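Below, read A as the first sequence line, B as the second, and so on, with proteins coming before strands; counting in each chain starts at 1. Note that the coordinates shown come from a computational prediction; the quantities given were computed from them, not determined experimentally.
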2 protein chains.
Amino acid sequence: MLSKKTKYAIKALVALGKNVENPPMQIVRLAEQEMIPRKFLEQILLDLRNAGYLYSKKGAGGGYSLNKNAADIYLADILRITDGPIAMVPCASLKFYRKCDECHDEKTCGIRKTFIDVRDATLQVLSRTSVADVIARETLDDLIS
Amino acid sequence: MLSKKTKYAIKALVALGKNVENPPMQIVRLAEQEMIPRKFLEQILLDLRNAGYLYSKKGAGGGYSLNKNAADIYLADILRITDGPIAMVPCASLKFYRKCDECHDEKTCGIRKTFIDVRDATLQVLSRTSVADVIARETLDDLIS
DNA sequence: AATAAAGACTACTTATTCAATAGACTTTGT
DNA sequence: ACAAAGTCTATTGAATAAGTAGTCTTTATT
């Protein structure tokens with residue numbers, strides 16, 4: 001399951017993506033609008049900022065805005081920042097590889113191979129879906145329904 | 001991440017799948033062989049049994065064996081027994097649907113749509129991979145290397 | 001019939017991780 | 001100078017996962 005942290009991160013990015021024409025958005029406003037606990041959101045935004053996805057400005061009139069085009073922010077990368085590995089077992093992780101405690105011989109582990117396939121299938125979606133895509137999908141259905 | 005419970009479950013099924021020509025295997029033996037805490041394994045096997053995947057026999061000479069052909073035991077179903085939903089968000093789950101707390105309007109939720117795609121991609125692998133496949137993949141590489 | 005070898009079931013405890021909160025510090029515009 | 005923002009680290013509380021314990025039931029063997 002996705003952590004709340006990750007859900008909040010995605011929601012924040014989507015909100016900032018929609019806010020791109022306007023002046024930077026303050027944490028407090030974002031927290032209220034998206035119903036995210038303020039101090040928790042603060043940490044999340046900080047992580048995203050330190051990873052280069054957000055631009056922030058201190059002081060009066062400050063706030064947060066996207067530091068990249070929404071179309072260049074992929075969910076896979078966000079998940080990795082907030083939740084760590086995408087693979088379901090550490091030994092199948094691309095970016096956070098760790099040996100499984102339970103695993104004797106990784107070379108012949110059928111479980112590992114299967115979960116590498118799962119990881120690839122997951123990434124097929126997540127590393128191609130951007131914040132812009134998520135926004136597009138929302139507004140698309142707004143129009144239809 | 002997969003829980004240890006699920007990893008243990010898969011390992012147990014694989015071990016029992018390999019043991020299919022022999023008399024039923026006792027919990028204690030299985031626990032030793034697969035390095036799984038005995039009492040924890042006991043619970044796991046019970047779950048798998050109650051779900052119809054294992055046959056068990058009490059008393060002297062008793063033990064556990066598969067109740068289905070290993071080729072008919074799919075990982076997706078096992079995961080659901082031991083870990084619950086496969087989807088990364090409850091609102092995208094096929095078998096364990098629940099509304100997300102954070103979600104206002106599910107109909108237009110871009111996050112939901114994306115994670116339905118992820119779920120489908122994951123199931124594409126997990127609902128086609130059986131215990132027999134896992135075993136095959138192990139022994140296959142035994143031969144090659 | 002007695003006994004021992006197994007599994008069945010339920011309850012409990014402990015450890016770990018997640019979610020949230022708190023507070024002191026820094027930067028910047030007016 | 002001051003207030004409005006973000007920065008950063010530490011701590012607390014809650015939930016879940018992992019593991020443990022103990023008693024009950026069934027069955028094969030003698």
Side-chain angles (χ1 to χ4, degrees), chain A residues 1-9 11-12 16 23-32 34-67 79 81-85 88-90 96 98 100-102, chain B residues 1-9 11-12 16 23-32 34-67 79 81-85 88-90 96 98 100-102:
Chain A
M1 283 279 156
L2 235 52
S3 67
K4 291 204 171 186
K5 189 174 178 183
T6 297
K7 284 191 209 164
Y8 292 157
K11 294 187 87 174
L16 292 174
M25 201 170 181
Q26 287 83 49
I27 296 177
V28 186
R29 272 189 56 213
L30 190 51
E32 277 173 8
E34 300 298 324
M35 309 260 283
I36 302 172
R38 189 183 120 254
K39 294 296 273 180
F40 195 18
L41 177 60
E42 212 172 293
Q43 292 176 19
I44 295 166
L45 293 175
L46 208 44
D47 286 346
L48 294 174
R49 176 192 171 275
N50 290 335
Y53 292 91
L54 298 179
Y55 165 81
S56 67
K57 196 177 173 192
K58 286 184 178 181
Y64 274 97
S65 49
L66 294 189
N67 196 35
L79 291 225
I81 292 167
T82 51
D83 263 359
M88 296 180 91
V89 289
F96 296 85
R98 243 181 347 105
C100 288
D101 331 330
E102 305 79 18
Chain B
M1 282 280 156
L2 233 54
S3 67
K4 292 204 172 186
K5 188 174 179 183
T6 298
K7 283 192 210 162
Y8 292 158
K11 295 188 86 173
L16 292 174
M25 203 168 178
Q26 287 82 49
I27 297 177
V28 186
R29 273 188 56 213
L30 190 50
E32 277 173 8
E34 300 298 324
M35 310 260 282
I36 302 172
R38 189 183 120 256
K39 294 296 272 181
F40 196 16
L41 177 61
E42 209 171 296
Q43 292 176 19
I44 295 166
L45 294 176
L46 209 43
D47 286 346
L48 295 173
R49 175 190 171 274
N50 290 334
Y53 292 92
L54 297 180
Y55 166 83
S56 67
K57 196 176 173 192
K58 286 184 175 181
Y64 274 96
S65 48
L66 295 187
N67 196 35
L79 291 226
I81 292 167
T82 52
D83 263 358
M88 296 179 93
V89 290
F96 296 84
R98 245 183 343 108
C100 288
D101 331 330
E102 305 81 18

Restricting both atoms to N or O, compile the protein contacts to nucleotides 7-11 of chain C shorter than 3.5 Å, with distance only.
| from | atom 1 | to | atom 2 | distance (Å) |
| --- | --- | --- | --- | --- |
| C/dG7 | OP1 | B/I27 | N | 2.8 |
| C/dG7 | O3' | B/S56 | OG | 3.4 |
| C/dA8 | OP1 | B/R49 | NE | 2.6 |
| C/dA8 | OP1 | B/S56 | OG | 2.6 |
| C/dA8 | OP2 | B/Y64 | OH | 2.1 |
| C/dC9 | N4 | B/E42 | OE2 | 2.8 |
| C/dA11 | N6 | B/Q43 | NE2 | 3.3 |

- Query: From the 5' end of DNA chain D to its 3' end, which nucleotides mark the outer limits of contact with chain A, defined by a 4.0 Å heavy-atom distance cut-off (strictly under)?
  - Reply: D/dA4 to D/dA10

- Query: Does A/R38 have any side-chain contact (heavy atoms from CB on, under 4.5 Å) partners at least two apart in sequence or in another chain, and if so, which?
  - Reply: A/I27, A/V28, A/A31, A/E42

- Message: Any heavy-atom pair between the side chains of B/D83 and B/L2 that's under 4.5 Å?
- Response: yes

- Task: Could you tell me the separation between the OH atom of B/Y8 and the CD atom of B/Q43, rounded to the nearest 0.5 Å?
- Result: 12.0 Å

- Show your reasoning for whether side-chain contact (heavy atoms from CB on, under 4.5 Å) applies to A/M88 and B/T6. CA-CA 11 Å; A/M88 296 180 91; B/T6 298; over 6 Å; no

- Message: Mind checking if A/Y55 touches a base, just sugar-phosphate, or nothing, with heavy atoms under 4.0 Å?
- Response: nothing

Per-pair distances, 0.1 Å, donor-acceptor, side chain in residues 45-66 of chain A, under 3.5 Å, sequence neighbours excluded:
| from | atom 1 | to | atom 2 | distance (Å) |
| --- | --- | --- | --- | --- |
| A/D47 | OD2 | A/K5 | NZ | 3.2 |
| A/R49 | NE | A/S56 | OG | 2.8 |
| A/N50 | ND2 | A/L46 | O | 3.3 |

- Task: Can you sort out the partners of A/P85 under side-chain contact (heavy atoms from CB on, under 4.5 Å), two or more places apart, ordered by chain and number?
- Result: A/S93, A/F96, B/M1

- Message: What is the separation between atom CZ on B/R29 and atom P on C/dA5, rounded to the nearest whole Å?
- Response: 16 Å

- Item | Partners meeting side-chain contact (heavy atoms from CB on, under 4.5 Å) with A/P23 (sequence neighbours left out) | none

- Answer whether the closest heavy-atom distance between the side chains of A/D101 and B/K4 falls below 4.5 Å. yes

